[in-house]
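One structure below.
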There are 2 protein chains.
Amino acid sequence: MASYTEILLRAALKKHGFRLTPQRETILNIFQTLPKGKHLSAEDLYELVQRQGEVISLATIYRTVKLMSQMGILRELELAEGHKHYEINQLSPPHHHLVCVRCHQTIEFVNDLVLEVGQKQANSASYDLLDCQLTIHAICPEALQEGWPSSLSEDWQCPRSGLTGDSHH
Amino acid sequence: MASYTEILLRAALKKHGFRLTPQRETILNIFQTLPKGKHLSAEDLYELVQRQGEVISLATIYRTVKLMSQMGILRELELAEGHKHYEINQLSPPHHHLVCVRCHQTIEFVNDLVLEVGQKQANSASYDLLDCQLTIHAICPEALQEGWPSSLSEDWQCPRSGLTGDSHH
DNA sequence: TTCATTGCAAAGACTTTGCACTTGC
DNA sequence: GCAAGTGCAAAGTCTTTGCAATGAA
């Protein structure tokens with residue numbers, strides 16, 4: 001599963017009776033040109049579309065990422081920000097996430113074992129694997145040192161913030 | 001990490017300056033007496049509390065499961081139902097989930113490799129591991145056969161429904 | 001007594017949906 | 001042409017929060 005050209009996307013959609021619309025093309029394009037490891041929320045995507053001069057309604061954004069996730073084109077990530085994030089589903093190799101429950105900073109990593117486990121598990125139940133995500137919840141050293149979770153103040157700024165690909169507000 | 005008695009819970013809370021309240025005890029109790037592998041949404045928990053004659057406000061339910069998850073007492077699961085589920089965090093061994101994106105039926109499984117990977121990853125970043133979850137998104141044989149996702153009707157009932165521990169409405 | 005915790009109700013964040021219009025095929 | 005797709009605005013669902021009252025230590 002390399003990269004979805006318009007042709008491939010059309011084929012994938014057609015296979016299920018869906019249509020290729022400019023909106024769907026635009027959205028797929030954005031995900032394809034996204035820096036590796038970056039993931040977007042619906043809102044992020046909405047803004048990115050606007051920034052390149054087009055407009056797609058939020059409703060369509062939601063409908064599209066949902067559809068594409070269900071088709072296996074996108075991965076739906078549930079990190080710790082309270083809303084979903086999406087990225088291109090590159091099955092080779094998918095990366096996983098280590099998330100600090102305190103500051104939400106996310107470290108991505110790759111591990112082939114995980115996919116093997118997932119594939120094996122899906123196969124053994126005769127399921128068709130779409131995606132496979134290992135999410136590790138942990139506390140980062142900075143938060144630990146700060147004595148977390150005794151101080152629940154939501155305003156503490158982890159010095160780690162801004163270092164990695166954390167794309168929420 | 002065997003089972004939280006009142007004593008242990010108090011100690012864990014005290015360590016962070018939190019208090020032991022009847023509500024917190026009740027909630028922990030419910031999770032402890034829950035059948036293995038069963039997980040609850042906030043709403044589920046709210047109803048279970050009522051069914052045993054007590055009343056805890058939804059706000060407190062939410063605050064409590066959040067706190068306990070952040071303390072590592074509960075695991076916060078993000079499956080495919082659009083809301084979070086919680087269960088006791090038994091680090092030995094944590095189980096993982098294979099979820100059908102179509103019918104939301106969930107198969108649980110245990111795999112030691114996953115925890116090893118998680119632990120190793122957390123350690124290498126000097127994080128303190130709280131939880132480690134592998135979530136596999138896939139399509140169940142029944143849905144595949146039904147031609148999913150070409151038929152997006154939300155009313156299709158997977159014959160698999162009701163077989164396993166799927167606790168949403 | 002003191003400060004964490006609770007309950008209530010209101011607010012918030014995110015997502016979905018009904019409907020009329022548009023458009024791919 | 002017709003069913004699928006879109007945009008809009010309204011409605012939902014789940015979750016959080018302000019505040020006064022309560023209660024654990």
Side-chain angles (χ1 to χ4, degrees), chain A residues 6-7 9-11 13-28 40-47 49-50 54-71 76-86 104 149-155 168-169, chain B residues 6-7 9-11 13-28 40-47 49-50 54-71 76-86 149-155 167-169:
Chain A
E6 186 207 305
I7 305 294
L9 176 60
R10 171 176 273 116
L13 289 168
K14 194 170 201 169
K15 191 172 75 176
H16 298 293
F18 300 131
R19 293 175 183 173
L20 180 61
T21 64
Q23 290 88 340
R24 289 175 179 168
E25 241 182 302
T26 295
I27 290 174
L28 182 60
L40 304 176
S41 66
E43 198 71 40
D44 293 337
L45 184 51
Y46 180 70
E47 286 165 16
V49 168
Q50 292 198 316
E54 301 176 55
V55 176
I56 301 180
S57 73
L58 252 183
T60 295
I61 299 275
Y62 277 108
R63 284 189 278 235
T64 303
V65 292
K66 187 177 186 183
L67 178 66
M68 288 185 174
S69 297
Q70 293 183 325
M71 292 178 64
E76 188 174 81
L77 308 177
E78 308 258 19
L79 304 177
E81 291 104 7
H83 52 253
K84 292 169 185 164
H85 278 204
Y86 298 86
H104 296 171
S150 54
S151 56
L152 280 179
S153 61
E154 292 297 325
D155 48 322
H168 75 292
H169 4 285
Chain B
E6 186 207 305
I7 306 292
L9 176 59
R10 171 176 275 116
L13 289 168
K14 194 170 201 170
K15 192 173 74 179
H16 298 295
F18 300 131
R19 293 176 182 171
L20 180 61
T21 64
Q23 290 87 341
R24 289 176 180 168
E25 242 182 299
T26 296
I27 290 174
L28 182 60
L40 305 176
S41 66
E43 197 71 41
D44 293 336
L45 184 51
Y46 180 71
E47 286 166 17
V49 169
Q50 292 199 317
E54 300 174 58
V55 176
I56 300 179
S57 73
L58 251 183
T60 297
I61 298 276
Y62 276 107
R63 284 189 277 235
T64 304
V65 293
K66 187 177 186 181
L67 178 66
M68 289 186 173
S69 297
Q70 292 182 326
M71 293 178 64
E76 189 175 82
L77 309 177
E78 308 259 17
L79 304 177
E81 291 103 7
H83 52 252
K84 292 168 184 163
H85 278 202
Y86 299 86
S150 52
S151 57
L152 279 179
S153 61
E154 291 297 325
D155 50 321
S167 57
H168 74 291
H169 0 288

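Lettering follows sequence order; numbering is per chain, from 1.
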Taking only side-chain nitrogens and oxygens of A/His83, does any of them come within less than 4.0 Å of OP1 or OP2 of C/dA13? no
Is the shortest side-chain heavy-atom distance between B/Tyr86 and B/Met68 below 4.5 Å? no
For a quick check of understanding: with a heavy-atom distance under 4.0 Å over all strands, which category does A/Leu58 fall into, base, sugar-phosphate or nothing? nothing
Below the 4.0 Å mark, does C/dT23 have OP1 or OP2 next to a side-chain nitrogen or oxygen of A/Gln23? no
Do any side-chain nitrogens or oxygens of B/Thr60 fall under 4.0 Å of OP1 or OP2 in C/dG7? yes
Proximal nucleotide (of D/dG18, D/dG23, D/dG7) relative to the B/Arg19 side chain: D/dG23
With a 4.0 Å cutoff (strictly under), does any side-chain N or O of A/Tyr62 reach OP1 or OP2 of C/dT15? yes
Tell me whether the OP1 or OP2 atom of C/dC14 has a side-chain N or O from A/Ser41 closer than 4.0 Å. no
Look at the side-chain N and O atoms of A/Thr21 and state whether any lies under 4.0 Å from the OP1 or OP2 oxygen of C/dG24. no
One pair to check against side-chain contact (heavy atoms from CB on, under 4.5 Å): A/Thr60 and A/Arg63. What are the steps and the verdict? CA-CA 5 Å; A/Thr60 295; A/Arg63 284 189 278 235; 4.1 Å; yes
Distance-only donor-acceptor test (3.5 Å): side chain A/Arg24, base C/dG24: no
Donor-acceptor pair (no angle test) under 3.5 Å: A/Arg10 side chain, C/dG24 base: no
What nucleotide, of C/dT15, C/dC25, D/dT17, holds the atom closest to the side chain of B/Arg63? D/dT17
With a 4.5 Å limit on heavy-atom distance, are the side chains of A/Ile61 and A/Glu43 in contact? no
